[in-house]
Amino acid sequence: MKFPLHITLDNMRHQIKNGLQGNRRYPFVLMLEPLYTCNLACMGCSIERHTGKLKDRLPLETCLKAVDDCGAPGVSLCGGEPMLYPELKELIAGIIERKRHIYLCTNGLRLQDKMFGVIDPHKRLTLNIHLDGMRETHDKVCNREGVFDHAIEMIREGKRLGYHMMTNTTVFKETQVSEVKELCDLTSSLGVDGMLISPGYEYESVQQAMFLSRRETHNKFKEIISFAGDYRLSSTPMFLEFAAGLREYSCSPWSTVTFTPNGWKGPCYLIGEKLTHDWNEFWNDTNWEYWESRQDDRCQNCAMHSGFEASVVADARKNPRDLIRLAAWNFSG
Ligand code: SF4
Ligand code: SF4
């Protein structure tokens, strides 16, 4: 299976519960950013995400309240670098106690001393290692030599110790698709449990020429589709077809809500039109209909998986062929 059975069942329960309550919009994943401190300064990362001071991090109780308020079954712990969050052990324990699934996104540099031997493997904990290419490319993106080799070593060690390990790769303008395939071959040989490949996020706060235009995204993902079935990619086939320009979807920004040291960020991970610490204000005051339509200029090149995977699921419910395809994809290898 692409996702372990308990994750699939929890997601189905969440959808059925919301369906019975007549909710059309509800969060699937909370992007929880407890801190904006990082030990790297990667190209393509929005500047506020790696320049924050540790003292400005979210208190543990505030993080757990966000988990309760939004009710999403998945929590993507990102930042900043979550390994630098001093209360990480308690945060993970609190999220697991609430029966949520954690995807901990990390550059891998501190896994050895902050995770392995400190926080036990758990079926609700997935370590998601950032890898934007093979050695030369990844170290260039991370602005530091040796990050790639360390990340590979940590994936190997994590698998040996029994952690659920995934990788997360962003495709930029300069990314050669042949290199993405090489990376898939390497991580497969390490036995990773999933690989997420998505087009570069064009943060409103980052004006760089490294992001893909819509046409470039389509071309690169058309190539990626040709070998996607050979690997344990976590992106659905329909999302990959959308990224390749072979399908159209409206956005579902409400499916992945973002909580940061500055509060709930609306409408999405990329655009912070409004920030508030009040969940109800964020949820009720965001003009979801407008953002679903993708009419805003800032949405034009966006094919961010967190905006569109929920659209894939919602659309498949109306299309039995897609629904069968989605189920077959999840239950395959
Ligand atoms: S490791 Fe993550 S948070 Fe840190 S600079 Fe790189 S992309 Fe940004
Ligand atoms: S398309 Fe959706 S996810 Fe992308 S920038 Fe617009 S609202 Fe955000």
Side-chain angles (χ1 to χ4, degrees), residues 25 27-29 31-52 54 57 76-85 103-111 127-133 138-144 147-148 150-151 154 167-170 172 196 198-206 208 210-212 214 217 239 242-243 248-258 260-261 265-274 286-312:
R25 300 181 179 111
F28 289 50
V29 174
M31 301 282 264
L32 178 56
E33 304 186 324
L35 76 175
Y36 274 169
T37 314
C38 192
N39 43 8
L40 286 177
C42 302
M43 291 157 68
C45 182
S46 65
I47 193 151
E48 74 272 12
R49 282 199 161 90
H50 55 82
T51 52
L54 191 59
R57 68 188 183 276
S76 178
L77 262 185
C78 34
E81 171 53 55
M83 290 293 149
L84 302 182
Y85 187 65
Y103 302 89
L104 195 153
C105 305
T106 174
N107 56 38
L109 289 176
R110 300 296 298 274
L111 277 173
L127 305 181
N128 196 356
I129 315 295
H130 167 206
L131 269 184
D132 282 345
H138 187 61
D139 286 357
K140 188 172 160 204
V141 169
C142 293
N143 267 322
R144 190 185 298 176
V147 179
F148 175 85
H150 191 79
M154 290 301 102
T167 56
N168 185 6
T169 302
T170 303
F172 295 110
L196 194 62
S198 42
Y201 305 154
E202 194 165 1
Y203 294 103
E204 59 177 351
S205 56
V206 181
Q208 290 190 24
M210 64 192 297
F211 297 107
L212 300 164
R214 187 181 281 210
T217 301
F239 170 77
F242 163 72
E248 269 307 317
Y249 288 110
S250 57
C251 184
S252 303
W254 37 263
S255 63
T256 307
V257 290
T258 305
T260 78
K265 182 176 177 181
C268 69
Y269 188 69
L270 302 181
I271 300 177
E273 281 266 302
K274 182 173 169 174
T286 304
N287 185 348
W288 296 121
E289 211 169 324
Y290 173 79
W291 293 105
E292 282 169 354
S293 73
R294 301 165 62 197
Q295 61 188 277
D296 196 274
D297 281 349
R298 290 165 288 181
C299 298
Q300 297 314 306
N301 290 337
C302 178
M304 188 172 70
H305 65 95
S306 56
F308 294 93
E309 285 287 19
S311 307
V312 167

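Note that this is a predicted model, so its numbers are computed, not measured. In listed order, ligands and their atoms are each counted from 1.
Thr217 places no side-chain N or O within 3.5 Å of a backbone atom of Ala243 that could act as its donor or acceptor partner.
Looking at Glu33 and Lys265, no side-chain N of the basic residue comes within less than 4.0 Å of a carboxylate O on the acidic one, giving no salt bridge. Between Arg298 and Glu273, at least one side-chain N (NZ, or NE/NH1/NH2) sits under 4.0 Å from a carboxylate O, which counts as a salt bridge.
Heavy-atom proximity to Cys38, at under 4.0 Å, picks out these atoms of ligand 1: 1 (S), 3 (S), 4 (Fe), 5 (S). Interface atoms of ligand 1 facing Leu40, defined by a heavy-atom separation under 4.0 Å, are 5 (S). In the vicinity of His50, heavy-atom distances shorter than 4.0 Å reach the ligand 1 atoms 5 (S). Within ligand 1, the atoms closer than 4.0 Å to a non-hydrogen atom of Gly80 are 3 (S), numbered from 1 in the order shown. Distances below 4.0 Å separate heavy atoms of Asn107 from the following atoms of ligand 1: 1 (S).
With respect to atom 8 (Fe) of ligand 1, the closest heavy atom belonging to the protein is Cys45 SG, 2.3 Å. The nearest protein atom to atom 4 (Fe) of ligand 2, hydrogens excluded, is given as Cys302 SG, 2.3 Å; this is a heavy-atom distance. The nearest heavy-atom contact from the protein to atom 6 (Fe) of ligand 2 is Cys299 SG, 2.4 Å. Nearest non-hydrogen protein atom to atom 5 (S) of ligand 2 is Ile271 CD1, 3.6 Å.
Residues Ser311 and Ser252 have side chains that bring a donor and an acceptor to within less than 3.5 angstrom of each other.
The presence of a protein heavy atom under 4.0 Å from atom 2 (Fe) of ligand 1 is ruled out.
Ring geometry for Phe28 against Trp254 counts as tilted: the plane angle lies between 30° and 60°, on a 0 to 90° scale.
Around atom CD of Glu289, no more than 12 heavy atoms belonging to other residues, nucleotides or ligands sit under 6.0 Å away.
Two rings, from Phe242 and Phe308, have their centers less than 6.0 Å apart.
Between Arg49 and Cys78 the shortest side-chain heavy-atom distance does not fall below 4.5 Å.
Taking backbone and side-chain atoms together, Cys251 has no N/O/S atom less than 2.8 Å away from atom 4 (Fe) of ligand 2.
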